[in-house]
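Working notes, structure below.
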2 protein chains.
Amino acid sequence: MNKHASSPKKGRKYDQVIEGAWQVFMREGFEGASVDAIARAAGVSKATLYSYFSDKKLLFIEVARTECLRQADTAIVMGQSGQSARETLTNMAQRMVRFYLSDLGQRVFRICVAEADRFPEIGRSFYECGPELARRRVASYLQEAVARGELMIEDCQLAADQFAELCKADLFPRMMFNITDHITQDEIDRVINGAVDMFMARYGPA
Amino acid sequence: MNKHASSPKKGRKYDQVIEGAWQVFMREGFEGASVDAIARAAGVSKATLYSYFSDKKLLFIEVARTECLRQADTAIVMGQSGQSARETLTNMAQRMVRFYLSDLGQRVFRICVAEADRFPEIGRSFYECGPELARRRVASYLQEAVARGELMIEDCQLAADQFAELCKADLFPRMMFNITDHITQDEIDRVINGAVDMFMARYGPA
DNA sequence: ATGATCTTAAACTGAGCAGTTCAGTTGTCG
DNA sequence: CGACAACTGAACTGCTCAGTTTAAGATCAT
């Protein structure tokens with residue numbers, strides 16, 4: 001029985017460190033997370049932590065990458081066949097909104113935006129396996145829908161970006177600037193329906 | 001001659017402090033900006049600074065508010081009469097994009113998003129005299145356009161939010177995650193035209 | 001000019017934090 | 001068993017920074 005199957009790197013406690021670091025970074029942000037707190041949360045000594053990661057920034061990048069990959073796995077199921085464009089778009093919208101309103105989505109976004117200035121690698125690596133991935137998936141769905149004659153779109157990439165943005169209307173700024181603590185399902189439905197209506201008005205069959 | 005017309009608070013060096021703090025906060029972010037650096041940039045002693053603002057957080061809030069008001073003044077000229085809805089919307093879109101792509105807009109956003117978690121007042125106060133203000137202005141323009149029969153909108157507030165988001169498509173995420181250092185005028189035009197086209201397709205006269 | 005108020009420089013306090021070191025413990029494997 | 005590697009905890013270094021204090025200097029109104 002090989003117990004090291006999931007530890008491609010060195011040392012038995014690698015995963016523990018990543019997990020603990022993830023928790024603390026999410027809770028406190030990058031600057032706010034002390035390495036002592038991370039070590040404590042990971043149930044590991046600071047010395048061990050530093051034997052894996054030469055510094056805090058590197059640890060953060062590794063944590064971010066790990067979480068991105070995890071997310072990417074979760075989100076594979078996207079386009080289903082027997083659905084109208086309207087249904088599919090509504091579905092996608094729900095997924096997107098649920099993610100960016102989640103505690104996780106919110107915190108990730110906050111940290112990345114804050115640190116993207118100082119550490120471009122962080123922003124880039126997150127964008128690529130987060131928004132960029134979703135972006136390409138939506139665009140490729142639209143491409144197919146156009147081929148089937150369900151939609152009429154000249155610039156599918158732009159259309160995908162527009163749709164993603166429409167799903168953020170009102171809700172996203174309110175979250176980001178911490179205006180509301182709770183957002184109701186009605187508010188969400190209003191925005192999603194608004195997004196789909198608008199999208200179909202522009203790109204729906206004539 | 002009353003030289004204190006623009007200093008409703010106490011002390012002659014108030015404006016200097018705000019100005020210096022603004023510069024350093026913009027350059028370094030909230031955590032990154034040391035009070036010593038701010039005092040130096042403002043050409044003022046730390047003691048003086050602390051006689052105005054009891055702590056760093058309060059100083060930041062005041063700086064953010066001041067800058068918001070300055071922006072609000074700049075943006076008063078919004079709705080002009082003899083223009084079509086299309087023209088007016090394009091105009092508004094240009095203004096918005098120019099702002100959030102500017103160095104200033106970008107940095108303010110970054111700081112507010114990062115700190116809104118820890119200090120809700122920061123996020124709130126910025127939102128209120130920034131996005132919220134613009135939001136209400138656009139909504140009220142739409143209201144009038146509907147009254148004149150130029151547009152057909154049921155939920156003007158939602159429409160305003162949608163328009164604002166459409167203007168961010170592609171460009172905004174790329175900025176936030178630091179993917180591109182430069183964005184061309186063509187890319188901007190593509191997004192703005194796309195936003196106006198979509199908006200008119202949905203809410204334009206039948 | 002005189003007193004009140006504002007400003008200054010610089011030293012100081014107290015705290016937090018990244019990263020290091022090391023003597024000692026634990027677990028693994030031949 | 002014995003050797004080797006990973007791990008621990010706790011103390012320690014060196015730094016940065018928010019906020020305070022003090023004694024002296026500048027500015028202003030009257």
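Order of the sequence lines fixes the chain letters, A, B, ..., with proteins taken first and strands second; residue numbering starts at 1 for each chain.
Rounded to an integer number of Å, the gap from CG of D55(A) to P of dT20(C) is 9 Å. The CZ atom of R40(B) sits 15 Å away from the P atom of dT8(C) (whole-angstrom rounding). Rounded to whole Å, the distance from OH on Y50(A) to P on dC7(D) is 17 Å. One atom, CG of L49(B), and another, P of dT8(C), lie 10 Å apart when rounded to the nearest Å.
Side-chain to base pairing of K46(A) with dG19(C): one donor and one acceptor N or O lie within less than 3.5 Å of each other.
Between Y14(A) and F53(A), a ring centre-to-centre spacing shorter than 6.0 Å is recorded. Taking the six-membered ring wherever Trp is involved, the centroid distance between the rings of F109(A) and F172(A) falls below 6.0 Å.
The phosphate of dA18(D) (OP1 or OP2) has no side-chain N or O of K57(B) nearer than 4.0 angstrom. Considering only side-chain N and O atoms, Y14(B) lies nowhere under 4.0 angstrom from the phosphate OP1 or OP2 of dC6(C). One finds no side-chain N or O of Y52(A) lying less than 4.0 angstrom from the OP1 or OP2 phosphate oxygen of dA6(D). Neither OP1 nor OP2 of dT7(C) sits under 4.0 Å from any side-chain N or O of T48(B).
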- Task: Show your reasoning for whether side-chain hydrogen bond (donor to acceptor under 3.5 Å, both in side chains) applies to R27(A) and Q23(A).
- Result: CA-CA 6 Å; R27(A) 184 158 21 94; Q23(A) 285 174 18; 5.1 Å; no

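Mapped onto DNA chain C by nearest heavy atom, A47(A) and A47(B) fall at different nucleotides, with A47(B) at the one closer to the 5' end.
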